[in-house]
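See below for the structure under consideration.
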Amino acid sequence: MDQRIPRPRALTILMWFTGIYAVGAALGIGAVVAGFRHTSIGGLPVTREVWLAVAAPLVGVVAVLMGLTSIGLHRHRAWARTACMCIWPMIGIYGLLGSVRGTIPWSLVWRAVIDATLFGAIAVWLLFWSKPSAAYFKQIKVAQVS
């Protein structure tokens with residue numbers, strides 16, 4: 001892969017944000033497991049065990065996808081935008097499933113769905129519709145074929 005393909009500034013910012021989030025989320029989960037952190041879900045205090053059962057799986061999967069997004073953008077890979085786009089529907093679906101199971105209150109589910117929709121729309125614009133990003137990913141695909 002040609003490392004000279006210029007990455008748009010917005011994607012560079014996204015790359016750093018997702019990388020920092022992934023590391024921070026992993027450290028946060030580790031802090032909860034070690035008992036160094038107070039736990040809450042949506043601002044509501046919960047026990048460590050509840051947080052680990054309900055929130056930690058989502059935080060962990062989001063951290064992995066954010067890490068993949070960061071690595072993909074750093075290495076000029078087109079799959080990075082797919083990794084990023086998987087985050088938003090997963091958050092909404094996880095919230096809906098959590099409320100059906102009775103582990104998450106409906107007020108938090110609506111907030112998760114609205115936030116996921118809003119940030120998902122921003123991500124679609126940034127990764128697919130923004131002219132610099134669209135041109136960047138097109139250059140990447142052309143470079144991978146040749």
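Note that this is a predicted model, so its numbers are computed, not measured.
There is no path of hydrophobic side-chain contacts, each under 4.5 Å, that joins Trp16 to Val23. Leu118 is connected to Leu58 through a chain of hydrophobic side-chain contacts under 4.5 Å among Ile, Leu, Val, Met, Phe, Trp and Tyr, so both are in one cluster. Residues Val109 and Ile114 fall into different hydrophobic clusters, defined by Ile, Leu, Val, Met, Phe, Trp and Tyr side chains chained together at heavy-atom separations under 4.5 Å. Put simply, Leu97 and Val61 are part of two different groups of oily side chains (I, L, V, M, F, W, Y) that touch within less than 4.5 Å, one to the next. A continuous path of ILVMFWY side-chain contacts below 4.5 Å connects Ile5 to Leu14, so both sit in one hydrophobic cluster.
In this structure a side-chain-to-backbone donor-acceptor pair under 3.5 Å is present from Arg48 to Val33. No donor-acceptor pair under 3.5 Å is formed between the side chain of Thr39 and the backbone N or O of Trp51. When atom types are taken as modelled, the side chain of Ser133 and the backbone of Ser130 share no donor-acceptor pair closer than 3.5 angstrom. A distance-only check finds a donor-acceptor pair linking the side chain of Arg7 to the backbone of Leu73 [under 3.5 Å]. For Ser70 (side chain) and Met15 (main-chain N/O), a donor-acceptor pair under 3.5 Å exists by modelled atom type.
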side-chain contact (heavy atoms from CB on, under 4.5 Å), that's the test. Do His38 and Val32 meet it? Break it down for me. CA-CA 7 Å; His38 297 289; Val32 170; over 6 Å; no

Given Ile104 and Val54, is the side-chain contact (heavy atoms from CB on, under 4.5 Å) satisfied, shown in steps? CA-CA 8 Å; Ile104 301 172; Val54 175; 3.9 Å; yes

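Between Thr82 atom OG1 and Arg77 atom CZ the span is 14.0 Å, to the nearest 0.5 Å. For the atom pair CZ (Phe128) and SG (Cys84), the distance works out to 9.0 Å, reported to the nearest 0.5 Å. To the nearest 0.5 Å, the span separating CH2 on Trp88 from CD1 on Ile93 amounts to 14.0 Å. Residue Leu127 holds its CG atom at 11.5 Å from CD1 of Ile122, rounded to the nearest 0.5 Å. To the nearest 0.5 Å, atom CD1 of residue Ile140 and atom CZ of residue Arg75 are 13.5 Å apart. In this structure, CZ in Arg37 is found 9.5 Å from CD1 in Ile29, a value given to the nearest 0.5 Å.
When Leu65, Ile71, Thr69, Ile13 are each tested for a side chain to side chain contact (heavy atoms under 4.5 Å, CB included) with Thr18, only one passes: Thr69.
Nearest heavy atoms, Gly42 versus Leu108: CA-CD2, 3.7 Å. Between Val59 and Ala25, the shortest heavy-atom contact is CG1-CB, 3.8 Å.
Annotation: side chain of Pro105 is in contact with side chain of Leu44 (closest heavy-atom distance under 4.5 Å). Between Leu11 and Phe137, some side-chain heavy-atom pair lies under the 4.5 Å cut-off. At a threshold of 4.5 Å between non-hydrogen side-chain atoms, the residues Trp106 and Leu96 count as touching.
Considering only residues two or more places apart in sequence or on other chains, Pro57 meets the side chain to side chain contact (heavy atoms under 4.5 Å, CB included) condition with Tyr94.
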